[in-house]
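Working notes, beginning with the structure itself.
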Amino acid sequence: AQALGAREDLRGERVLITAGPTREPIDPVRFLSNAATGTQGIALAAEALARGAAVDLVLGPTTASPPPGAHVVRVTTAREMDAAVRELAGGATIAIATAAVADWRPAVTHDQKVKKTEEVTAIALERNPDILAGLGARRDGALFLVGFAAETSDFETHAREKLAGKHLDLIAVNDVGGTRGFGDVDNALVVLWGTDGRRDLGSGSKRELAARLWDAILERKRAQAD
Ligand code: CTP
Ligand code: CA
């Protein structure tokens, strides 16, 4: 049933969202990861569904529940997330990368638990694929591409570099200094586009910000189509 007054302004859109952390195994019981919970991406998925979109949600390891009605693909590693995104991207009209992808993975994953009696002083790492940059490199005009930037300093400068470097239409900047940004807490977002487009979405719950971000995405998408 449709809530009274609910908008249907995403009907006809097929939305691809990445969310959550990734986990990069060291051995069967240990991994590299980060503090992300997927909450902002899940809120964007829930809001998109409420506004009539079809949603593919590629979700890393988190205890947060995806919204009913989304097509959910659970993944663990960055490379699994990349493969799932490649498979789903062709059908998407809008893609939003909220996932906190581990930038590196252990170069070697041990089959057996590493014993503490071993002399381990460092873990060799390899760079993971940049999933969003890959989408940006392969994109055409039919896909509206949105990224997030998790920053702890010089927010807008770094975010504008990601906006241009990954060929995005829009980027949402998230301050993740201290414990900000992670989990079921209020968030604050600024969105950037083009060479100097900027809108402060203010602060609020992740669901409130999801609604404001969708408004901004639709406005920019329509402005580009004109
Ligand atoms: N991203 C991705 N795949 C990666 C790394 C990042 O898809 N391997 C996406 C994130 O989901 C986000 C955007 O790229 O939408 C920016 O992520 P962020 O971690 O802020 O930037 P990086 O490009 O990884 O650079 P850095 O971590 O050095 O700031
Ligand atoms: Ca990163």
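Atoms within each ligand, like the ligands themselves, are counted from 1 in listed order.
Regarding atom 1 (N) of ligand 1, its nearest protein heavy-atom neighbour is D130 OD1, 3.8 Å. Atom 12 (C) of ligand 1 has its closest protein heavy atom at F148 O, 3.0 Å. When only non-hydrogen protein atoms are considered, atom 24 (O) of ligand 1 lies nearest to D103 OD1, 3.1 Å. The protein atom (non-hydrogen) at minimum distance from atom 7 (O) of ligand 1 is L132 N, 2.8 Å. Of all protein heavy atoms, the one lying nearest to atom 21 (O) of ligand 1 is K162 NZ, 3.0 Å. Here the heavy atom of the protein found nearest to atom 15 (O) of ligand 1 is A97 O, 2.7 Å. At the shortest separation from atom 4 (C) of ligand 1 among protein heavy atoms lies V101 CB, 3.5 Å.
At distances below 3.5 Å, not a single donor-acceptor pair connects side-chain atoms of R14 with backbone N or O atoms of G91. Within the 3.5 Å criterion, the main-chain N or O of L145 finds a donor-acceptor partner in the side chain of D169.
Checked against a 3.5 angstrom limit, the closest N/O atoms of I131 and ligand 1 fall inside it. Between A150 and ligand 1, at least one pair of N/O atoms sits closer than 3.5 Å. Ligand 1 has no N or O atom lying under 3.5 Å from any N or O atom of N128, backbone or side chain.
In this structure, W214 CH2 and K221 NZ are separated by 9.5 Å, a value rounded to the nearest 0.5 Å. Here D82 contributes atom CG and T18 contributes atom OG1; the two are 10.5 Å apart, rounded to the nearest 0.5 Å.
Cluster membership check: I26 does not share its hydrophobic cluster with V101, using side-chain heavy-atom separations under 4.5 Å among Ile, Leu, Val, Met, Phe, Trp and Tyr.
Ion pair D215/R199 not flagged as a salt bridge, since none of the NZ, NE, NH1 or NH2 atoms sits closer than 4.0 Å to an Asp/Glu carboxylate oxygen. A salt bridge links K166 with D130; the closest basic N to acidic carboxylate O contact falls under 4.0 Å. Salt bridge status for K113 with D27: absent, with no side-chain N to carboxylate O gap under 4.0 Å. Salt bridge annotation for R79-E126: absent, with no cationic side-chain nitrogen under 4.0 angstrom from a carboxylate oxygen.
Closest heavy-atom approach to atom 8 (N) of ligand 1 among the candidates P129, A159, A99, G136: P129.
Residue contact annotation: G134 has no non-hydrogen atom under 4.0 Å from ligand 1. At least one heavy atom of K166 lies less than 4.0 angstrom from ligand 1.
Considering every non-hydrogen atom in both L59 and G20, the closest pair reads CD1-N, 4.4 Å.
Only protein N, O or S atoms were considered, and those under 3.0 Å from the Ca ion (ligand 2) are D103 OD1, D103 OD2.
More than 12 heavy-atom neighbours from other residues, nucleotides or ligands sit within 6.0 angstrom of CD on Q224.
There is no protein heavy atom closer than 4.0 angstrom to atom 19 (O) of ligand 1.
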